[in-house]
Amino acid sequence: GMVAALAHVATEQWGLLAADLQVMQLVKPGTNLADVEAALRAEFSEVQALSRKSVDKLRLRDFAGVLARLAVRFRFDLPPYYTLVLRSLSTLEGIALAVDPQFSVIAAAQPFVWGYVSASSRRPGFRAVLCSLLLDPSQERLQ
């Protein structure tokens, strides 16, 4: 779910992120995931170009903005607890930015994400996530 989505955002694996959004039940069944992937790629490319930052250095508000635009376009189901988590993390990020203007929740979460995914690699869903992070599908070898 959310851990896999964070990992796939940081590694810019938009197709896998689209699938994660469907697993998290944001994307409705029957939605064309290729269209969601293309929209994610385009939105994050635009945000990166405007901010001149890599995806893992983007601020959470940028990420939330992308999700909000895609939620309208693809009619995402946004349960209240997702918006609550995003608002809470945005508040924490704002406090951290007051101390360190270069802070990024997405970058700060990466050690946790990698640790959690590797520790959970015996669980079927996390094994696939770990493989997607470690293996380059185009060359069928470690990245």
Side-chain angles (χ1 to χ4, degrees), residues 1-97 100 102-143:
M2 196 170 290
V3 172
L6 278 171
H8 293 137
V9 165
T11 55
E12 301 184 37
Q13 296 178 323
W14 308 123
L16 294 173
L17 177 59
D20 295 335
L21 295 176
Q22 191 170 48
V23 167
M24 294 182 339
Q25 298 179 345
L26 297 177
V27 175
K28 294 179 180 179
T31 301
N32 185 339
L33 291 184
D35 291 343
V36 176
E37 176 185 0
L40 284 165
R41 185 180 317 281
E43 287 284 342
F44 276 107
S45 293
E46 183 177 331
V47 169
Q48 281 181 280
L50 292 173
S51 68
R52 297 187 183 138
K53 294 181 181 179
S54 62
V55 170
D56 65 330
K57 301 293 185 203
L58 291 177
R59 294 197 174 146
L60 193 61
R61 72 171 178 220
D62 299 322
F63 181 73
V66 167
L67 280 183
R69 287 188 295 279
L70 294 181
V72 171
R73 181 173 170 191
F74 293 101
R75 300 179 187 233
F76 285 4
D77 287 326
L78 290 173
Y81 58 90
Y82 278 118
T83 55
L84 179 62
V85 168
L86 278 175
R87 288 175 70 194
S88 300
L89 287 174
S90 295
T91 300
L92 291 173
E93 183 180 60
I95 293 167
L97 285 168
D100 178 5
Q102 302 303 314
F103 182 78
S104 167
V105 168
I106 295 171
Q110 289 312 300
F112 166 78
V113 168
W114 280 94
Y116 190 83
V117 168
S118 62
S120 303
S121 64
R122 293 183 188 258
R123 294 171 52 194
F126 285 101
R127 183 173 301 218
V129 172
L130 185 60
C131 287
S132 75
L133 296 175
L134 296 176
L135 299 175
D136 182 350
S138 65
Q139 298 178 2
E140 297 183 359
R141 64 179 186 168
L142 291 177
Q143 294 191 50

For the student: nearest non-hydrogen atoms of Pro80 and Thr83, plus distance:
O-OG1, 2.8 Å
With rounding to the nearest 0.5 Å, note down the distance linking CG in Asp62 to CG in Leu67.
11.5 Å
Intermediate values then yes/no, side chain to side chain contact (heavy atoms under 4.5 Å, CB included), Val27 and Leu33:
CA-CA 9 Å; Val27 175; Leu33 291 184; 4.1 Å; yes
Here the gap from Leu60 atom CG to Leu89 atom CG, rounded to the nearest 0.5 Å, amounts to 5.5 Å
Exercise: identify the closest heavy-atom pair between Thr31 and Phe74:
CG2-CD2, 4.0 Å
Quick check for you: to the nearest 0.5 Å, what is the distance between Trp14 atom CH2 and Leu17 atom CG?
6.5 Å
Measure across Glu93 and Arg61 and return the closest heavy-atom pair with its distance rounded to 0.1 Å.
OE1-N, 3.8 Å
Please name all residues satisfying side chain to side chain contact (heavy atoms under 4.5 Å, CB included) with Ala107, sequence neighbours left out, ordered by chain then number.
Lys57, Ser104
The side chain to side chain contact (heavy atoms under 4.5 Å, CB included) partners of Thr91 (sequence neighbours excluded) come to Ile95
Distance col, row His8:NE2 vs Leu21:CG, nearest 0.5 angstrom, shows 11.0 Å
Residues two or more places apart in sequence or in another chain: which of them pass side chain to side chain contact (heavy atoms under 4.5 Å, CB included) with Arg69?
Glu43, Val47, Val66
Between Lys28 and Arg75, which heavy-atom pair has the shortest distance, and what is it?
CE-O, 3.1 Å
Can you tell if the side chain of Leu70 reaches within under 4.5 Å of the side chain of Leu40, non-hydrogen atoms only?
yes
Show the nearest heavy-atom pair for residues Ala18 and Val36, with the distance to one decimal.
CB-CG1, 3.7 Å
N/O donor-acceptor pair under 3.5 Å between Tyr82 side chain and Leu26 backbone
no
To the nearest 0.5 Å, tell me how far Ser90 OG sits from Phe63 CZ.
10.5 Å
How close do Met24 and Ala5 get, counting heavy atoms only, and between which atoms?
SD-CB, 4.3 Å
